[in-house]
Amino acid sequence: MCGIVGYSGSRQAVEILIDALKRLEYRGYDSAGIAVCGKELQVYKDKGEIAKLQESLPVMKGTVGISHTRWATCGRPSKENAHPFVDCTGRFALVHNGIIENHMALRRELVARGHKFTSETDTEVLVHLLEESYKGDTHAALVETLKKVKGTYAVAVVRSGSNEVVAARKENPLVVGLGVGENFVASDVTALLNYTNKVLYVMDGESAVISPAGVRLFDESGQEVRREPSTISWTIDDAEKGGFGHFMLKEIYEEPLAIHNTLLGYLDDISDGNSIGSSRFSSVKIVACGSSFHAAMVGKYVIEALSDTPTTLELASEYRYSPGTKELPLVVLVSQSGETADTLAAAREARRRGCKTYAITNVVGSTLTREVDEVFYTRAGPEIGVAATKTYITQLVALYLLGMRMGIARGTIGPDSLRSMRSELRSMPKHVRTVLDNSSAIEEATDMLVNARDVFFIGRNINYPTVLEGALKLKEISYIHAEGYAAGELKHGPLALLDAHTPVVAACVKDHTYDKMLANVAEVAARDSPVLAIGFEDDTELNAVADRVIRIPKVSPIFSPMLITVVLQMLAYYTARRKGCPIDKPRNLAKSVTVE
Ligand code: M6R
């Protein structure tokens, strides 16, 4: 996720472009840049936050321009990889939010035709394609360019000598702001609220030409579109959160897109990947902390089920105390931030032991990425809420892909099961959306938790880690004591704590664990504990044993953690909200834990 701003008017553009960009910093903050069209095209960019860019900004005069704040997904955070990018003739500057999937092939072709690249990014191909397509009309050139790319984008372009900003979008947000004698474009309305509250939402596949005189919108076929402006009544604070009360909720709602982005490009060439995941290791060890450790636990089930590769787990803070083995496992380190001190120490220790290391992280250029042999980037975008939500879901995606890749390499996944797993993963954003659409039922279910002192979460097999994660989410943001338990373990101790005031949340998917789960739920109900069960939409038995049932779309049980987790995240969120807790910044916790 990155932030884009464009301005065309009669005021000096630079101040507006920087001020508006700062409102988008929550979308990305590893580098930033600006292009202003005055007598000539001037571009300035740097690594780091916008304030740093602003401090060193040269004088840039002109009334038209674009700016960008980056969250790296392709190419590390650096000055070279910061946007805007300029073509070889120096006429065009371009900023982009999204992922160009076929950039490698396009780059090869462009280089063969003499284009010189200055960055490692996927984006840069766009500006070179634009240069080739330009025949006197920037809008036509951009439309032509976008026909050649596979992927997702919100893009804005300026051309030296022109007072227009040309923009387009596909699966990334873009909004046009309407002023008097000046107009704007931005990734979202947050950027525009200081200047206007009249906006035109640009729809998927549409493009726009913005000038001081007005705005023209075009549909995919190039037909001009008329649309009534919308009036925004949000404050800046509301808008940063996209109208959601908290970043956590916004980030949960971003999960369908985060899954989609993380899968982009990986599902299709999963079988011919040449990465570590395709190599044969006799065993795997996954190392992580907190929520990432729970994702790792799901990963163990997935890797063992799909590739028959023995997989062990270690908390990162404990890894150094574990004995090394003669046979070296592939060590997978999972960390959304890539900066967790315990995980970094484990990565170093793994390499010291001679193991190959593979990181799964959400932050391009984070320290972890420099400590390992290979990196898989989840593409969840920046996560502001302390509680891991969309990063957790995308870690699961990364681990499914790793398990599939290992299964292909070891011959444990045949073409039919590969086909059906691919199709299930592709449907996951849709299924998560269905869970989100059921938010009112989840919110109502918090009646069962909000006054509790203790809550138990139970599950079996692959949903044992899922309930550990559900319990962690609840305790972290609502301050209710919560414990996740393997359902079979209840009778070995915790059952003594159950009574009518201690609710139990049970993950009950119809798989080989189902009958035993029902028996555990009955045990719990016999102690008068209120039971909230989560099960498949077609389950007809749960109502008889549970006080309340939340239903999720029917998927193969191996993928059910993704959907149950979303329910548990929302349950924690709504419970904490009813208790009036500071959800995005829970007491005593930090987003990345950089001490051991
Ligand atoms: O950045 P990491 O994934 O390495 O962070 C690990 C934990 O600190 C983190 O998952 C923590 O447990 C979260 N607050 C959970 O929501």
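In this chain, numbering begins with 1 at the start of the sequence shown. Quick caveat, the model's predicted, so the values are computed rather than measured. Keep in mind that the numbers below use all heavy atoms, side chains included, and drop hydrogens, waters and symmetry copies. Whatever order the structure lists ligands and atoms in, that order sets their numbers, starting from 1.
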Heavy atom of V386, distance to ligand 1 below 4.0 Å: yes
Of the protein's non-hydrogen atoms, which lies at the shortest distance from [atom], and what is that distance?
{"atom": "atom 5 (O) of ligand 1", "value": "T340 OG1, 3.5 Å"}
{"atom": "atom 1 (O) of ligand 1", "value": "S337 OG, 2.6 Å"}
{"atom": "atom 3 (O) of ligand 1", "value": "S292 OG, 2.5 Å"}
{"atom": "atom 7 (C) of ligand 1", "value": "C289 O, 3.8 Å"}
{"atom": "atom 8 (O) of ligand 1", "value": "V593 CG2, 3.9 Å"}

Show the atoms of ligand 1 that are less than 4.0 angstrom away from any heavy atom in [X].
{"X": "A388", "answer": "15 (C), 16 (O)"}
{"X": "K473", "answer": "15 (C), 16 (O)"}
{"X": "G290", "answer": "10 (O), 12 (O)"}
{"X": "A387", "answer": "16 (O)"}
{"X": "S335", "answer": "1 (O), 2 (P), 3 (O), 4 (O)"}

Test applied, side-chain contact (heavy atoms from CB on, under 4.5 Å); reference residue, I442; option that passes from V567, T575, L568: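 Considering V567, T575, L568, a side-chain contact (heavy atoms from CB on, under 4.5 Å) with I442 is found only for V567.
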D373 bridged to R351 by N-O distance under 4.0 Å: yes
Y479 six-ring centre to R587 NZ/CZ under 6.0 Å and within 45° of normal: yes
Best match, M248, E476, E339, Q569: closest heavy atom to atom 13 (C) of ligand 1: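 Selected option, by shortest heavy-atom distance: E476.
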Pick from A288, S366, S291: the one approaching atom 12 (O) of ligand 1 most closely through a non-hydrogen atom: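 Result: the heavy atom closest to atom 12 (O) of ligand 1 is in S291.
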Do you see a donor-acceptor pair shorter than 3.5 Å between the side chains of [X] and [Y]?
{"X": "S119", "Y": "T121", "answer": "yes"}
{"X": "T378", "Y": "Q395", "answer": "no"}
{"X": "N362", "Y": "R379", "answer": "no"}

Check: L333 and E371 side chains under 4.5 Å, non-hydrogen atoms: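 Result no, sub-4.5 Å side-chain heavy-atom pair not found.
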Polar side-chain atom of E383 near backbone of T389 as donor-acceptor pair, under 3.5 Å: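 Side chain of E383 to backbone of T389: a pair is present.
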Aromatic plane relationship, F456 with H481 - under 30° parallel, 30 to 60° tilted, over 60° perpendicular: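 Taking F456 first and then H481, their aromatic rings stand perpendicular (interplane angle over 60°).
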Geometric N/O contact Q336 with ligand 1, under 3.5 angstrom: yes
